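Working notes, beginning with the structure itself.
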Protein chains: 2
Amino acid sequence: MRRREGNKEQAILDAAVKVFAHSGYHNAKITSIAEEAGVATGSVYLYYPGKEAIILAIFDRIWKSLTDGIGATARRTDFTPEQKLERVIDLMFDLFIVNPSLAAVFVNEQDHLIQGRKGTVSRQFDQFLDLAEVIIREGVRKKQFNPQIDLKLFRHFIVGGIRSLLRQWSAQPSTFPLNRIRQNIKAFVKHGVLIR
Amino acid sequence: MRRREGNKEQAILDAAVKVFAHSGYHNAKITSIAEEAGVATGSVYLYYPGKEAIILAIFDRIWKSLTDGIGATARRTDFTPEQKLERVIDLMFDLFIVNPSLAAVFVNEQDHLIQGRKGTVSRQFDQFLDLAEVIIREGVRKKQFNPQIDLKLFRHFIVGGIRSLLRQWSAQPSTFPLNRIRQNIKAFVKHGVLIR
DNA sequence: GTTATTATTGAACCAAAGTTCATTATCGGA
DNA sequence: TCCGATAATGAACTTTGGTTCAATAATAAC
């Protein structure tokens with residue numbers, strides 16, 4: 001027998017996040033990922049069946065983290081719907097702050113995977129949106145959110161808007177301080193552009 | 001001499017929109033585009049220097065149409081800022097009602113091109129956003145829009161949100177009637193989620 | 001009708017990158 | 001210390017698909 005030295009599976013995943021973030025999925029080379037992870041090219045295939053499986057594993061991790069967070073938030077009884085909505089926005093931002101590369105992959109590659117409805121990614125995305133909808137519906141029921149707005153549309157709009165801003169930020173972090181983005185999104189989502 | 005039969009350049013561009021919409025840029029094959037256009041593979045290269053030039057030409061067309069529209073809107077004196085804002089949203093929807101495939105390409109591939117700052121695409125995008133900013137600034141000056149909101153952030157958020165919804169629509173047109181999307185976006189952009 | 005010129009063709013070319021696998025290295029057990 | 005078994009390697013293989021170009025077709029000019 002021979003023992004596996006270190007956690008190569010994890011090292012490859014971390015390396016892939018960096019490489020995907022830098023080059024984008026389609027331009028990322030398996031050899032680059034292996035090099036970044038400090039393993040041989042062939043070793044990648046000992047842990048993942050192929051390139052696509054790697055990015056699917058990354059998104060599994062992202063969505064697991066987000067759905068866990070939003071699920072816990074939705075269940076809380078000591079938060080108003082408004083506070084819950086803010087918390088969901090915070091969840092996405094926190095992920096970015098902790099791991100900017102992961103965030104870059106998230107905002108840039110999500111669509112490809114959803115489009116092909118590959119693996120569990122789209123299911124987890126749907127689950128996230130469903131939980132968001134629960135929060136909004138609670139707000140409407142408690143007469144705090146505008147009942148006119150279509151929930152299914154609204155949640156897509158918000159998530160899309162946030163992703164668009166995060167993409168800008170990950171491309172040019174200096175021009176958009178993340179906290180200003182966060183505050184503006186919260187204010188805008190709640191009140192819109194018009195003066196009350 | 002020999003005259004060119006038909007407008008192959010246009011036929012190829014139209015075919016490319018369809019193929020890119022269906023398969024995505026990276027999975028689209030030049031041969032498929034040629035076949036769809038009813039020309040030989042090699043003919044594509046008589047009109048475009050390469051694959052990337054084709055999608056750049058598509059985006060040139062999209063952004064030209066949008067910037068022309070928003071420019072004309074911004075200049076009008078018979079519209080309130082609120083009406084201008086609605087008009088900008090209508091502009092994006094009208095383009096895509098006419099050509100849903102074009103919408104799919106727009107929402108799915110824009111980022112790749114911006115990211116690499118390829119050709120004139122990013123410049124035209126910036127120009128579009130600048131014109132949007134002019135409209136918003138007018139609204140703030142006339143005390144109709146909330147001055148708290150950061151303009152540069154706001155415009156990214158809106159455009160990102162709209163794109164996200166259009167993506168959904170182009171993937172499953174039946175579940176999201178386009179006019180409902182349009183009305184909801186207008187209401188949400190103006191008032192946000194909270195009840196006034 | 002002949003020829004020159006340009007348009008068009010599509011099979012072949014070629015580079016890039018995902019994947020494989022024969023070889024080598026390392027470790028646990030006897 | 002030697003052996004068996006698994007981990008790891010990375011050069012070679014293979015596929016994919018963008019691009020090329022020699023051959024052919026079509027039209028205008030004379």
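All chains are named by letter (A, B, ...) in the order of the sequence lines, taking the proteins before the strands, and each is independently numbered beginning at 1. Computed from a predicted model, the values in this text were never measured in an experiment.
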Original post:
Tell me the ring pair (Phe, Tyr, Trp, His ring centres under 6.0 Å) pairs involving residues 66-91 of chain A, sequence neighbours left out?
Top reply: none
Going by the rule ring-ring contact (aromatic ring centres under 6.0 Å, His included), which residues pair with [X] if we only count those two or more places apart in sequence or in a different chain?
X	answer
Tyr45(A)	none
His22(B)	none
Phe59(A)	none
Phe96(B)	Phe106(B)

For [X] and [N], give me the distance from atom [atom1] to atom [atom2], rounded to whole Å.
X	N	atom1	atom2	answer
Ile54(A)	dA17(C)	CD1	P	15 Å
Lys51(A)	dT16(D)	NZ	P	15 Å
Lys8(B)	dT9(C)	NZ	C1'	11 Å
Tyr47(A)	dA7(D)	OH	P	7 Å
Glu9(A)	dA7(D)	CD	P	12 Å

**OP:** Looking only at non-hydrogen atoms, find the nearest pair between Thr73(B) and Lys84(B) and report the distance.
**Re:** O-CE, 3.4 Å
Subject >> Interface residues of residues 17-45 of chain A with DNA chain C (non-hydrogen, below 4.0 angstrom) >> reply: Ala28(A), Lys29(A), Ile30(A), Thr41(A), Gly42(A), Tyr45(A)
